[in-house]
Amino acid sequence: MVWVIAGAVLSVLTAPLAVGLARDQLHVRCEADPLGGDSFICADGIGYLESLAVLLCAAVVPAFLSGLLIFVNPSRTTRTRLLVVVAIAGIAWAFLATWFLVHRSHGLADTAAYWSGALLPAALILAAASATALGSVFGSGRIRVIGLRTAAVLVLAATLVQPGLAVCTLTAAGILAAAAAGASATQGAPSRSDRADP
């Protein structure tokens, strides 16, 4: 649970980076400068509260669901798998939300160019992290733990590549770290709920 809380707190603290991503790289709520060139005229900071709220959902909702999963206490194996699904859902939400925000501001013609220019490298790393996390839940023992830790590190690497996504990715990294910690704990004696699993 500590990893989830740490990721969520860091996500909220890095939220202002998302405003820079939306305004300076994705050009959300911006119009081309009528004088020409590659410059844009953008809304002021308060105009980005909606964009920030949409991206914060990718941090807050997965953190809440993860906490709920930990306290409901399904078997460790089931909890690990569900945490991975929640982390990947948060990452997917971030990319769908950014695509929607860009599309709403620029229409279909420019959406792909702005989105891929700012987010494609991080998206590729996060896709690799998601695939690694999903593959690891089908492994067992040490392979599962290594896979989940690798996925968490890949999510952190994507955050370094695109710091504006930190509002979403740090929570996902915390959830994957919590899943790895839970998977590491299962290498010992199985819990009562694990023995009850069919």
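As the structure is a prediction and not an experimental result, all values here were calculated from the model.
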Output, in order, the C-alpha distance, side-chain angles, deciding distance and verdict of side chain to side chain contact (heavy atoms under 4.5 Å, CB included) for Leu165 and Phe95. CA-CA 9 Å; Leu165 286 177; Phe95 285 114; 3.9 Å; yes
Residues at least two apart in sequence or cross-chain that pass side chain to side chain donor-acceptor pair (under 3.5 Å) with Trp115, listed by chain then number, are Thr98
Pairing residues for Val153 by the side chain to side chain contact (heavy atoms under 4.5 Å, CB included) criterion, not counting sequence neighbours: none
Heavy atoms of Val4 and Ala178 approach each other most closely as CG2-CB, 3.8 Å
Sequence neighbours excluded, every pair satisfying side chain to side chain donor-acceptor pair (under 3.5 Å) that has a member inside residues 146-160: Thr159-Thr169
Which atom names give the shortest non-hydrogen contact between Thr14 and Ala166, and what distance separates them? OG1-CB, 3.4 Å
Show me the donor-acceptor pairs, under 3.5 Å and distance only, between side chains in residues 122-135 and residues at least two apart or in other chains.
unit_1	atom_1	unit_2	atom_2	d
Ser130	OG	Leu126	O	2.9
Thr132	OG1	Ala128	O	2.8

Treating Ile, Leu, Val, Met, Phe, Trp and Tyr as nodes and any side-chain heavy-atom pair under 4.5 angstrom as an edge, say whether Val167 and Val12 lie in one connected cluster. yes
hydrophobic_cluster_shared for Tyr114 and Leu119, side chain cutoff 4.5 Å: yes
Nearest-0.5 Å distance, CG of residue Leu148 to CD1 of residue Ile143: 12.0 Å
With clusters defined by side-chain heavy atoms of hydrophobic residues (ILVMFWY) lying less than 4.5 Å apart, directly or transitively, does Val2 cluster with Ile175? no
Scan the side chains in residues 81-92 for donor-acceptor partners under 3.5 Å anywhere in the protein, sequence neighbours excluded, and list what turns up.
unit_1	atom_1	unit_2	atom_2	d
Arg81	NE	Val137	O	3.4

May I ask whether Val155 and Val161 are part of the same hydrophobic cluster, defined by side-chain heavy atoms of I, L, V, M, F, W, Y residues being less than 4.5 angstrom apart, directly or through others? no
Do side-chain atoms of Arg144 reach the backbone of Ala183 as a donor and acceptor pair under 3.5 angstrom? no
State whether the side chain of Ser11 and the backbone N or O of Thr171 hold a donor-acceptor pair below 3.5 Å, judged by distance alone. yes
Return the set of residues passing side chain to side chain donor-acceptor pair (under 3.5 Å) with Ser136 (not counting sequence neighbours), or none when no residue passes. none
Please name the pair of heavy atoms, one in Ala173 and one in Ala152, separated by the smallest distance, quoted to 0.1 Å. O-CB, 3.9 Å
Main chain of Ala118, side chain of Gln162: is a donor-acceptor contact present, judged purely on distance under 3.5 Å? yes
